[in-house]
Each structure stands twice: as structure tokens, then as C-alpha cells.
Amino acid sequence: MLTTIGNISDHVGESVRLGAWLYNKRSSGKIQFLQLRDGTGFIQGVLVKSKVSPDIWEAASDLTQESSLYAEGTVRADERAPSGYELDITSLEVIQKAEEYPISLKEHGVEFLMDHRHLWIRSPRQRAVLRIRAEITRAIQDWLDKENFTLVDPPVLTPSSCEGTTNLFHTKYFDEDAYLTQSGQLYMEAAAMALGRVYSFGPTFRAEKSKTRRHLIEFWMIEPEMAFVDHEENLRIQENMLSHVVQHVLKECGPELKTLGRDTAPLENVKAPFPRITYDEAVELLNREGMEFQWGEDFGAPHETKIAETFDRPVFITHYPTDIKAFYMKPDPSRPEVVLCADLIAPEGYGEIIGGSQRIDDPALLEERFIQHRLDRKDYEWYMDLRKYGTVPHSGFGLGLERTVAWIAGLDHVRETIPFPRMLNRLYP
RNA sequence: UCCUCCGUAGCUCAAUGGUAGAGCGCCCGGCUGUUAACCGGUAGGUUGCAGGUUCGAGUCCUGCCGGAGGAGCCA
């Protein structure tokens, strides 16, 4: 029966058996300190030469970084240990003496680490990030389940573009052309008409030559879609969900945030309601701050950062010009030149983490948009059906998981937020 | 696709146009409380590739390949 390091505090004074890898080792001739990790945490194992058999002493001396082993010993609370506990090792069973491990405890370059991503994820920092990612996912799903959303899985292989703008990954579907999904939204609209409140959670693909700290080729989105929900309620759902997520991570991931050196003070502020400014107000704000910006343009990364700096929590930018937004967004009835949409900009320069809108429910207007956007009508026949057979006001949004993780964890690049990032020029490992 | 920067030992980096080096890691030795431990020693190189300038190129020039940061596009 194995004990895990994560539960070690329940076993003080007891003899336990761990399955572990050797993370690092220090020795002083007659005493050895083995830094052990088992995925749940790290603990220092102590061997004193005069107190263990020569076999065990020799086995420990011979261990290399990342060697796998079973260790038995007595758990002891110790103030000198970073985790607060140590293991006085009484028995050691080496599973494998590892070959020379490429990743040392010193600094490495990005390319080298990315080439060894399959090993890099063993490091304390990467473990912490992946733990936080999992807790963010859990918090989102807990909140949506509690609010009576139903999980619905849209297809990954699609016959055509969902939005028709960006580059898609092309593949063959027997004799037909097919594309990897860049958004499940249109399918989620169909699902919302069947189940009321739904959400999807899955990978999406963008064949764009984007090369920044905020972009991945393959990334995960959470896309809720809600029948009978208007623009205003859409925003309330978003801010309540995100507040829950941030507070959940603060509560559950203290050690991980500490490992990452994340300043948690800015996260404490992230509670609903979030500030809202209209696109018009954002343009004024930018001009007031001395940035050149014309009404009708889309914001770039520097603009988003400037706007975000003005607030102490995420900020909604609403009512963008109709011409620069997707075809399915509903125009503001009092101002048709803008749409009922909102992008949520994260603080600290992490950029847009949510894009959402109320959708067009009027079949005649949707028909118009197909023509304006030069979309092939027959590809969207099923989507039009949603407006022909009992159309209702409905809204939805998409949250980018990796950008959200990067922000909450305080990382400087989204490539560390996913186990095996797919980026421009990187498909390995 | 565009702009800027960078490719030297397994890794991180030095080296006025003039004998390719250090730290870490590996291996050997030392050390009873180490915290990226420390101390001593050994081994380790087609300086990304191809051309050019020069008496002489890691260093200067041209092209290519690879990478990083940013822009655009987006989440």
C-alpha cells in the first residue's frame, strides 16, 4: 500500500512506502538528502550512513536524477524542510537507474525546454501550472453544472467554416473536404434550442501564422450558449462564472500559486460585477491617453493592454461596430451600426479571454448577413432552420482556456498552460 | 506575411579579425543538515549550413536553415 506525498501530513510518526522519482540529491559523505517527487508533491528523504544498511546506502549513492524507486521510511515534521515534512528512509528499492537526464536544475532556453516538453512537465513549476489548469476547468464545470447548464459536445470535423474568416486546417473526409473546428458555437446554438442552457468544452484549431505569447494553433474553449438570454444577462453569467473560477483557484491552489511566484493581490479583486465600457468610450479613452485610434478599427494588443490598465479587474468592452464583428451578432435595435457583443479583457496585459454576443434571431436579417458576408447559403441551411422553427432570443460566449490559465497563473506565455502546445513550427513532441 | 534580435561543449553563456574558454551536468575523489549545497580533479568542440572578403574568420559580407520577441489575425 503506497502513501502519496500530497497526503504525507496525515502520516507523521508512521512508516510509509512511496513510489517516487529522484528529483535531486545532495550528500555530505555520511548523510544523503534525496529530493523525491511522486506527482502529488515533493519531499526530502534523509539517509544517515550509520543508521542504514550498506546496501541501501550504496543504492542511494548510485541514484541518478529521475531514477524511479520505492522508498520506505518514517515521516517526521521538520521546520528545515520546505514542505514541512521529511522522510527518514529505512528501505530503498530502485526500479530503474535513469540514464543521464537532459534537464538540469539550471536555466534552459525555450527551444530546448519545448523539445523536451514530455520531461519538462515533471518540474515543480510545470506541475503547478497543469494543476491550476485542471482546477480552472473543474471550477468552470462545477459552476455551469450548478447553474443547470448541460454539457454538449460539438463535432471536431466540420464541413465548412463556422465563421468563414480565418484559416482552417484542411483534411479529407473520404471523398469530401473537411476542416478541423475553429469554434463549436453554431452547433451550440442548435443545442441551446434543444436543451436550453448548454456548454461545450473542447479543442479548437486555427491555421493562422500567429506568433505571439497569446496564441496557440490548438487551444481549448468553453462555449456556453443560452436560449432566452439577452446581452445583459449574458454579461452577468460571464462575470459570475469567472469570479467563481478565480476565487476557487485562490482557495484551492495556494501552494501552486506560491511555486509560480504569482502575486495574488490582483486576483483578490476579481469579483463580479466587472466594469463595462462601450466601444465608443474605449475609443475616447485611447485618444485621451494619446493613442491614435479611429472609430471603426479593431483594437490591437497594445490598445487592449492600455484599456485593461485602467481597471483593477477584467473589463467588458461592449457594442463594437457591426462591420468588424461576426455575421451572427445581433445589432443593437437602437443603434444598428453596433452589435450586442462584448469582449472581456483580462488585467495585466493578458488580453481578450472571452468573446460573446447576443445572436441574430430574425431569419430575414440572417439571410441578409449571408449575402453581405458572401457565405455559401447551402452550408448554413441547418443554421437557418434554427430561426425558422421557433426562433428565440439567445446569447453565448467563448472563453479561451489557455489565456485564462496564463492570466491566473501569472505566466508570460500560453505555451506553458497546455501539456503539449501546438504552435507555429511546433508539432513535436 | 512583415519588423527586430539570436544560433559557440549535453545545458546556460564568454571570447578587439590573431592559440576556442567558464559555470552547471556527467564521471572520479572529499565532506553528518544540505536547500539550484559546497570543495578538488578528469573527459567533453565540424563555433547552425553553404559561399565570399582576408596572410588569418566564432568575429566582417551574402544566401539559406533554425529559434526568440513583437506586429497583423484572433480566444
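Residue numbers begin at 1 in each chain, while the letters A, B, ... track the order of the sequences.
The partner of rG23(B) is rC11(B), by the rule that a Watson-Crick or G-U pair needs both atom distances under 3.5 Å. Across the strands present, rU62(B) finds its partner in rA50(B); the criterion is a Watson-Crick or G-U wobble pair with both atom distances under 3.5 angstrom. With a cut-off of 3.5 Å on both pairing distances, rA57(B) has no Watson-Crick or G-U wobble partner at all. Pairing of rG17(B), defined by two Watson-Crick or G-U wobble distances under 3.5 Å, is not identified with any nucleotide. Of all nucleotides present, only rA68(B) satisfies the Watson-Crick or G-U wobble test against rU4(B), with each distance under 3.5 Å.
Atom P of nucleotide rA36(B) and atom CZ of Phe42(A) are separated by 13 Å, given to the nearest angstrom. Rounded to whole angstrom, the span from the CZ atom of Phe293(A) across to the C1' atom of rG72(B) amounts to 14 Å. Rounded to whole Å, atom C1' of rA75(B) lies 14 Å from atom CZ of Phe205(A). Distance, Glu111(A) CD to rC5(B) C1': 15 Å, rounded to whole Å. Summarising the geometry, the separation between NE2 on His116(A) and C1' on rG10(B) is reported as 9 Å, rounded to the nearest angstrom. Between the C1' atom of rA75(B) and the CE atom of Met329(A) lies a distance of 12 Å, rounded to the nearest Å. Put simply, CZ on Arg206(A) is 5 Å from P on rA75(B), counting in whole angstrom units. One can place CD of Glu99(A) at 13 Å from C1' of rG10(B), the figure rounded to the nearest angstrom.
Residue-level contact check: Phe112(A) touches the backbone only, with heavy atoms under 4.0 Å from sugar-phosphate atoms and none from bases. At a threshold of 4.0 angstrom between heavy atoms, the contacts of Leu216(A) include nucleobase atoms, whether or not backbone atoms are also involved. Residue Gly109(A) is in sugar-phosphate contact alone, with no base atom involved, counting any heavy-atom pair closer than 4.0 Å across all strands shown. Among the heavy atoms of the strands lying under 4.0 Å from Ala301(A) are primed sugar atoms or P, OP1, OP2 only; no base atom is included. Within the nucleic acid shown, His413(A) comes within 4.0 Å of sugar-phosphate atoms alone, with no base atom in reach, counting heavy atoms only. Nucleic acid contact for Asp343(A): none, since no nucleic acid atom lies under 4.0 Å from a heavy atom of the residue. Heavy atoms of Thr204(A) sit nowhere under 4.0 angstrom from any nucleic acid atom. Residue-level contact check: Gln44(A) touches the bases, meaning some heavy atom is under 4.0 Å from a base atom. Using a 4.0 Å heavy-atom criterion, one finds that Arg125(A) contacts no nucleic acid atom at all. Heavy atoms of Ser27(A) sit under 4.0 angstrom from at least one base atom.
With hydrogens and angles left out, the side-chain atoms of Gln44(A) and Arg80(A) include no donor and acceptor closer than 3.5 Å. Checking Glu223(A) against Ser183(A) by side-chain atom types alone, a donor-acceptor pair falls below 3.5 Å. No side-chain donor from either of Glu189(A) and Tyr328(A) sits under 3.5 Å from a side-chain acceptor of the other.
Separation of the P atoms belonging to rG17(B) and rU12(B) is 25 Å when rounded to the nearest angstrom. Rounded to the nearest Å, the gap between the C1' atom of rG10(B) and that of rG29(B) is 23 Å. A gap of 9 Å separates the C1' atoms of rG72(B) and rC2(B), to the nearest Å. Taking the C1' atoms as reference points, rC38(B) lies 14 Å from rG23(B), given to the whole Å. The separation of rU8(B) from rU59(B), taken at their P atoms, amounts to 13 Å, rounded to a whole angstrom. For the C1' atom pair drawn from rC55(B) and rA50(B), the interatomic distance equals 24 Å after rounding to whole Å. Using atom P as the reference point in both rC60(B) and rG18(B), the two lie 11 Å apart (nearest Å). Taking the P atoms as reference points, rC13(B) lies 35 Å from rC74(B), given to the whole Å.
Between Tyr101(A) and Ile31(A), it is Tyr101(A) whose nearest contact on RNA chain B lies nearer the 5' terminus. Mapping Glu107(A) and Asn425(A) onto RNA chain B by nearest heavy atom places Glu107(A) closer to the 5' end of the strand.
Listed nucleotides: rG33(B), rA75(B), rC74(B). Nearest to the side chain of Glu86(A): rG33(B). In the set rA75(B), rC31(B), rG25(B), rG25(B) carries the atom at the smallest distance from any side-chain atom of Glu100(A). The side chain of Glu208(A) has rC73(B) as its nearest neighbour among rA36(B), rC73(B), rG33(B). Of the candidate nucleotides rU32(B), rA68(B), rA36(B), rA68(B) has the atom nearest to the side chain of Val110(A). Listed nucleotides rU34(B), rG69(B), rA36(B) differ in distance to Gln35(A); the shortest reach to its side chain belongs to rU34(B). Comparing rU1(B), rG33(B), rG69(B) by their nearest atom to the side chain of Lys209(A) picks out rU1(B).
Here the straight-line distance linking atom CD of Gln358(A) with atom CG of Asp230(A) works out to 5.5 Å at 0.5 Å rounding.
The base of rC11(B) does not come close enough to the side chain of His108(A) for any donor and acceptor atom to sit less than 3.5 Å apart. In terms of polar N and O atoms assigned as donor or acceptor, the side chain of Ser210(A) comes within less than 3.5 Å of the base of rC73(B) in a complementary pairing. If you check distances only, the side chain of Lys211(A) does reach the base of rA68(B) with a donor-acceptor pair under 3.5 Å. The base of rC31(B) lies outside donor-acceptor range of the side chain of Arg26(A), with no N or O pair under 3.5 Å.
The aromatic ring centroids of Phe112(A) and Trp120(A) lie 6.0 Å or more from each other. With ring centers used as reference points, Tyr380(A) lies under 6.0 Å from Phe327(A). Aromatic pair Tyr179(A)/Phe205(A): centroids not less than 6.0 angstrom apart.
Considering only side-chain N and O atoms, Lys30(A) lies under 4.0 angstrom from the phosphate OP1 or OP2 of rU32(B). Between rG69(B) and Arg415(A), a contact under 4.0 Å exists linking OP1 or OP2 to a side-chain N or O. Checking the phosphate oxygens (OP1, OP2) of rG69(B), no side-chain nitrogen or oxygen of Arg214(A) falls inside 4.0 Å.
For Arg17(A) and Tyr70(A), the positive end sits near the middle of the six-membered ring, less than 6.0 Å away and at most 45° from its axis.
With centroids closer than 5.5 Å and planes inclined by less than 30 degrees as the test, Phe33(A) and the base of rG33(B) fail to qualify as a stacked pair.
Considering only heavy atoms from C-beta on, Trp382(A) comes within 4.5 Å of Tyr187(A) through its side chain. With a 4.5 Å cut-off on side-chain heavy atoms, Val270(A) and Leu250(A) do not count as touching.
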